[in-house]
There are 2 protein chains.
Amino acid sequence: MARKASKVTIYDIASAAGVSRGTVSRAFNGNTDINSETRQRIFDTAKRLHYVPNMNARGLAKGTTECIGVIMPDVLNPYISELVGVIEKSARAVGFSTHIALTHNDAELQQKLLLRMASGQVDGIIITPCESDESVRQINMINAKIPIVSLKFREKLECDTVMGADSDGIRMIMEHLHSAGAKKVAFLTISGQDWTHLERHEAYLSTAKKLGLDYTKTESIDYSEGWEEMEKDVIRIVASLFKRKDNAPDAILAYDDILALVVINALRHSGIKVPDDVLVAGFDNIRLASVANMTLTSASVESSDIARFAIDILTQRLNSSSSSKVRHVRISPRLYVRDSTSRETLKGKGK
Amino acid sequence: MARKASKVTIYDIASAAGVSRGTVSRAFNGNTDINSETRQRIFDTAKRLHYVPNMNARGLAKGTTECIGVIMPDVLNPYISELVGVIEKSARAVGFSTHIALTHNDAELQQKLLLRMASGQVDGIIITPCESDESVRQINMINAKIPIVSLKFREKLECDTVMGADSDGIRMIMEHLHSAGAKKVAFLTISGQDWTHLERHEAYLSTAKKLGLDYTKTESIDYSEGWEEMEKDVIRIVASLFKRKDNAPDAILAYDDILALVVINALRHSGIKVPDDVLVAGFDNIRLASVANMTLTSASVESSDIARFAIDILTQRLNSSSSSKVRHVRISPRLYVRDSTSRETLKGKGK
DNA sequence: GCATCTCGTCCGCTCGGGTTC
DNA sequence: GGAACCCGAGCGGACGAGATG
């Protein structure tokens with residue numbers, strides 16, 4: 001356990017192998033200007049001496065890291081988890097390692113992470129930003145130094161963005177609910193998630209209007225106090241929604257799948273049956289949605305698509321010094337119809 | 001969008017502020033030997049010039065990073081997601097930033113990540129290691145350079161470890177199932193997860209024996225082909241388990257909650273009712289277990305406990321050069337009884 | 001003598017011009 | 001005239017001894 005500071009440097013292995021440090025360096029990097037025998041000898045002694053090239057030094061000298069930063073609010077939401085996983089794989093596929101960091105939706109922390117990463121830690125950044133003006137400013141500033149791809153869009157944002165067309169997804173779900181017989185769809189959302197909320201909410205309202213649904217009702221759930229409180233909040237809201245039978249919704253559209261699951265639970269708690277008494281739909285199509293009896297109707301953009309685009313754009317930026325125009329990709333989501341909105345059968349449709 | 005390589009260095013801000021680079025350095029680090037006016041002036045010009053200290057250079061010169069590495073197989077499993085989140089928070093609470101990386105259970109990749117991190121990227125590492133002998137060797141080697149805390153235990157592992165007493169958890173669940181009337185408990189597990197599987201499986205067998213349950217049956221699910229195939233595999237196995245009514249289990253203990261949810265789904269698919277026909281229990285108590293109708297009986301160690309211990313140990317290692325003895329912490333899990341094993345009532349007990 | 005600041009070095013590695021056979 | 005290799009100069013900052021008032 002004696003923690004040897006074992007500073008085995010390029011010097012050590014150079015002298016041990018009887019060459020200069022430059023040669024050792026070349027052995028580990030380019031394939032040029034080096035005899036394969038020498039290279040092998042260097043590798044051998046390197047292994048023998050447990051040599052590990054120092055990334056800091058390399059990064060300092062080279063000015064590049066072959067590494068991209070991934071900044072996410074958290075990783076609790078399965079949707080983000082999946083996203084992070086595929087981003088990592090995609091990045092690795094193109095020779096980049098990945099440096100993941102979490103903001104917990106704290107703009108100050110996000111600031112620190114951006115600065116830290118932009119200061120030689122990574123070559124580019126993929127971020128799901130905090131939703132505040134402050135956040136936009138931060139990103140714009142850092143984007144002037146290294147390329148950033150944001151997974152949320154905002155007018156004033158000056159970096160590339162990649163995201164799903166949430167409004168289409170909401171529209172699809174609303175239409176589905178409508179064709180399933182729903183006349184009164186309520187929208188349950190999370191307070192604080194302004195940008196995303198706004199888009200989804202607007203889509204909810206406009207689609208309701210387009211479908212001739214007079215009833216609209218939006219309820220915000222407070223998630224700032226943690227999961228427990230949030231669950232209680234949902235129960236409270238559900239209870240109030242169904243207090244007057246004649247004015248109760250016959251369908252609930254939740255901000256995302258997690259919330260939808262919580263809502264279903266709250267409904268059961270109140271003795272309201274899904275989908276018999278009320279239809280419930282979520283958004284994001286998290287993997288568990290298909291197994292978490294009751295399976296959940298949902299919509300989402302393939303996270304692999306998001307990841308692919310994000311990586312593509314980032315690598316393009318990194319490879320070409322040409323400061324081409326900013327790109328904003330919108331990917332169409334897909335609708336997944338499952339038990340929570342299927343009255344006729346209990347065999348899950350969709351996947 | 002013109003990506004200014006904007007190399008604003010300590011030199012620039014030094015000359016702009018009319019001081020030497022050493023002073024600038026001190027302004028950003030120690031509070032010693034510097035006039036508060038000067039410091040303020042330095043901060044101001046630093047901000048004006050968008051100066052960001054280069055982490056690579058700092059790390060190189062200082063030999064320390066105030067950053068810990070977190071290496072996980074992936075982040076899809078909610079249990080791990082939660083863990084990562086709390087580890088990050090705990091680390092931040094003690095002044096460390098966090099560098100998260102994913103192995104996807106690939107020992108080779110793990111090797112690269114370990115090397116990279118150990119080469120000046122981080123001061124210490126918390127890892128949920130791949131389960132192979134190769135992995136053990138890697139960790140031991142790196143542990144000689146910087147402290148590692150493993151979240152899985154293995155005899156030959158020479159680093160600190162922190163983990164839950166899985167066997168106790170399994171025992172608790174088994175006893176619960178037994179007292180709920182189960183006589184024939186089957187164990188469904190994931191193939192490939194050797195270490196963890198072995199411990200849980202052994203506990204399953206020994207507890208069954210202790211409880212006088214003659215029937216034992218272990219089925220391995222193949223998860224190497226991805227989620228879809230895994231689901232099919234579970235359906236197939238469930239079908240075969242219940243082919244002969246007289247020899248079918250009356251309870252299923254799943255390797256973890258995710259698998260349990262999949263199993264419940266498969267059971268429903270086969271027309272078998274939970275908990276009426278068969279009890280189902282998982283392990284890990286993922287948050288969704290409490291809302292994913294049917295709610296799930298489960299057991300787990302608080303991930304915050306794990307995180308706290310891991311961080312504690314790591315910081316101790318980092319703060320004291322004394323190479324004290326290796327520690328192996330075992331934290332008792334807690335049992336969560338919910339609907340999937342409650343016949344008498346549908347009101348969820350436990351949380 | 002003391003608070004404040006400067007300067008030279010080094011951290012470990014990359015890079016490109018120069019050298020050797 | 002190459003192929004193979006050496007060397008010196010940084011990359012951006014930290015640090016400690018010495019300078020300045």
Side-chain angles (χ1 to χ4, degrees), chain A residues 5-43 45-46 49-67 115-121 123 145-146, chain B residues 5-43 45-46 49-67 115-121 123 145-146:
Chain A
S6 68
K7 291 285 182 194
V8 186
T9 79
I10 207 173
Y11 278 81
D12 301 315
I13 104 110
S15 64
V19 295
S20 78
R21 49 226 146 71
T23 307
V24 176
S25 176
R26 257 174 295 117
F28 278 94
N29 301 299
N31 293 335
T32 66
D33 269 13
I34 185 149
N35 184 304
S36 59
E37 274 178 29
T38 317
R39 186 220 302 288
Q40 196 51 53
R41 184 154 41 90
I42 291 177
F43 282 169
T45 65
L49 270 52
H50 292 310
Y51 167 71
V52 177
N54 182 309
M55 280 335 205
N56 282 326
R58 188 196 295 245
L60 220 206
K62 196 145 65 171
T64 189
T65 60
E66 316 285 84
C67 181
L115 286 176
R116 171 178 268 267
M117 284 193 176
S119 72
Q121 300 252 82
D123 296 345
K145 296 194 66 170
I146 64 174
Chain B
S6 69
K7 290 286 181 193
V8 186
T9 78
I10 206 170
Y11 279 80
D12 301 316
I13 104 109
S15 64
V19 295
S20 78
R21 47 231 141 73
T23 307
V24 177
S25 175
R26 254 174 297 118
F28 278 95
N29 301 298
N31 293 338
T32 66
D33 270 13
I34 184 147
N35 184 304
S36 59
E37 273 178 29
T38 318
R39 186 220 303 287
Q40 196 51 54
R41 185 155 39 92
I42 290 177
F43 281 168
T45 65
L49 269 53
H50 292 309
Y51 166 70
V52 176
N54 182 308
M55 280 333 202
N56 283 324
R58 187 193 296 238
L60 220 205
K62 197 146 64 170
T64 189
T65 60
E66 315 285 84
C67 180
L115 286 176
R116 172 178 267 267
M117 285 193 176
S119 72
Q121 299 254 79
D123 295 346
K145 295 195 67 170
I146 64 174

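Chain letters run A, B, ... following the sequence lines, proteins first and then strands; every chain starts at 1.
- Taking each heavy atom of A:Thr9 and A:Tyr51 in turn, the nearest pair found is C-CE1, 3.7 Å.
- For A:Lys145 and D:dG12, the NZ to P distance is 10 Å, given to the nearest whole Å.
- Taking atom CZ of A:Phe28 as the reference point, atom C1' of C:dG12 lies 13 Å away to the nearest angstrom.
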statement: Nucleotide by nucleotide, nucleotides 2-8 of chain D touches protein heavy atoms under 4.0 Å in the pattern (B base, S sugar-phosphate only, - none) --BBBBB
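- Atom CG in A:Asn54 sits about 7 Å away from atom P in C:dG12, given to the nearest Å.
- Residues A:Ala46 and A:Phe28 come closest through the heavy atom pair CB-CZ, 3.8 Å.
- Checking B:Asn56 against A:Arg58 by side-chain atom types alone, no donor-acceptor pair falls below 3.5 Å.
- With a 4.5 Å cut-off on side-chain heavy atoms, A:Glu66 and A:Asp123 count as touching.
- You'll find that the side chain of B:Ala61 is closest to D:dG13, out of D:dG13, D:dC15, C:dC13.
- The shortest side-chain heavy-atom distance between A:Val24 and A:Arg26 does not fall under the 4.5 Å cut-off.
- No side-chain heavy atom of A:Leu115 sits less than 4.5 Å from a side-chain heavy atom of A:Ser119.
- Across the protein-nucleic acid pair, B:Tyr11 atom OH and D:dA14 atom P stand 12 Å apart, rounded to whole Å.
- Residue B:Ser25 places at least one side-chain N or O under 4.0 Å from the OP1 or OP2 atom of D:dA14.
- If you measure from atom NZ of B:Lys62 to atom P of C:dT9, you get 23 Å, rounded to the nearest angstrom.
- A heavy-atom distance below 4.5 Å is found between the side chains of A:Ile42 and A:Ile34.
- Rounded to an integer number of Å, the gap from CD1 of B:Ile10 to C1' of D:dA14 is 8 Å.
- Atom pair A:Arg58:CZ and D:dG12:P shows a separation of 18 Å (rounding to whole Å applied).
- Heavy atoms of A:Asn56 sit nowhere under 4.0 angstrom from any nucleic acid atom.
- Per the geometry, CD1 belonging to A:Ile42 stands 12 Å off P belonging to C:dT14, to the nearest Å.
- In this model, the phosphate group of C:dC13 is approached by a side-chain N or O of A:Tyr51 to a distance below 4.0 Å at OP1 or OP2.
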